[in-house]
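Every heavy atom of this structure was used, including side-chain atoms; hydrogens, water molecules and symmetry mates were not.
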Amino acid sequence: MSTAGANHAHGKLFLKLLGIALGSFAFGYALVPFYNVLCSITGLGDQTALAKRAVAVEQPDLNRTITVDFMAELPGVGSWAFKPLQRSIEIHPGKLYSAQYFAQNLTGMDVTAQAVPNISPSKAAAYFHKTECFCFTPQRFAKGESRTMPVRFIVDPSLPSYLDRITLSYMFYDDSTHVGAKLEAPPANRRN
């Protein structure tokens with residue numbers, strides 16, 4: 001194969017790999033807006049409706065205990081400290097609980113971030129109801145700012161009896177759709 005033919009083949013390969021890398025990057029940033037659209041269509045994340053449902057459901061089953069594990073993940077892009085303040089708690093279905101996550105902006109600039117939740121096993125997701133969560137809205141952080149962020153939840157007592165452990169994990173992304181947005185103080189946390 002001639003040098004010109006090899007250079008042409010390398011150029012085509014480079015363009016293909018560049019396209020794959022750019023496509024992967026775009027897909028990662030599209031997840032946050034996709035999550036927001038999904039929440040607006042399905043009603044997930046409507047804090048008022050979730051709070052009303054939680055108050056109506058709060059009838060604890062004190063004969064049953066479930067372990068809820070908390071996890072935090074960061075994508076490869078961005079500089080953050082992000083972790084749950086508790087690794088796990090034991091709960092009674094039907095009772096409202098609170099957990100805290102810690103986040104610190106280490107990017108060196110003002111940014112907005114979005115947390116995307118995941119509940120496993122997936123069968124438990126329909127029974128796990130968040131009434132307040134930092135994942136409902138983008139979180140604005142000043143350069144170097146750190147804070148604790150609450151998640152309040154209730155597990156429906158009708159959760160199948162074979163499920164005795166649930167994991168709530170969050171992926172914390174820089175949200176480029178809010179870059180340059182005016183920084184506002186986070187809302188005051190409600191406490192019971």
Within-4.5 Å side-chain heavy-atom neighbours: Met171 and Asn118: no
The reported gap from CZ in Arg152 to NZ in Lys130 (rounded to nearest 0.5 angstrom) is 14.0 Å
Give the C-alpha distance, both sets of side-chain angles, the deciding distance and a yes or no for side-chain contact (heavy atoms from CB on, under 4.5 Å) between Thr65 and His92. CA-CA 5 Å; Thr65 303; His92 296 290; 3.7 Å; yes
Separation between CG (Leu22) and CG (Leu17), nearest 0.5 Å, reads 11.0 Å
Taken to the nearest 0.5 Å, the spacing of Phe128 CZ from Asp156 CG works out to 12.0 Å
Heavy-atom nearest pair, Gln100 first then Pro150, reads NE2-CB, 3.7 Å
When you group the ILVMFWY residues by side-chain heavy-atom contacts below 4.5 Å and let the links chain together, are Ile119 and Met71 in the same group?
no
| task | Indicate, with yes or no, if Leu159 and Ile89 share a hydrophobic cluster defined by side-chain heavy-atom contacts under 4.5 Å among Ile, Leu, Val, Met, Phe, Trp and Tyr. | result | yes
Residue set satisfying side chain to side chain contact (heavy atoms under 4.5 Å, CB included) with Tyr162, at least two apart, ordered chain then number -> Lys123, Pro160
Interatomic distance, CG@Leu74 vs CH2@Trp80, rounded to 0.5 Å, equals 9.0 Å
Closest heavy-atom pair, Pro157 versus Arg64, reported as atoms and distance to 0.1 Å, is O-NH1, 3.7 Å
Heavy-atom distance under 4.5 Å between the side chains of Thr112 and Gln114, does that happen here?
no
Closest non-hydrogen contact found for Lys95 with Pro60 is CB-CB, 4.0 Å
### Query
Mind checking whether Thr107 and Phe141 have side chains closer than 4.5 Å, heavy atoms only?
no
| With the 4.5 Å side-chain cut-off for hydrophobic clustering, are Leu168 and Tyr97 part of the same group? | yes
Same apolar cluster (I L V M F W Y, side chains within < 4.5 Å links), Phe82/Leu106: no
Problem set entry | Contact check, side chains of Ile91 and Ile166, non-hydrogen atoms, under 4.5 Å | no
Exercise. Got a donor-acceptor contact below 3.5 angstrom from the Asp110 side chain to the Lys143 backbone?
Worked result: yes
Practice task
May I ask you to check whether Phe134 and Tyr170 place their ring centres under 6.0 Å from each other?
Solution key: yes
### Message
Would you say that Val151 contacts Cys135 through its side chain, given a criterion of any heavy-atom pair below 4.5 Å between the two side chains?
### Response
no
One should read off an interatomic distance between Ser120 OG and Leu163 CG, to the nearest 0.5 angstrom, of 10.5 Å
CD (Gln86) and OH (Tyr101) are apart, to the nearest 0.5 Å, by 10.0 Å
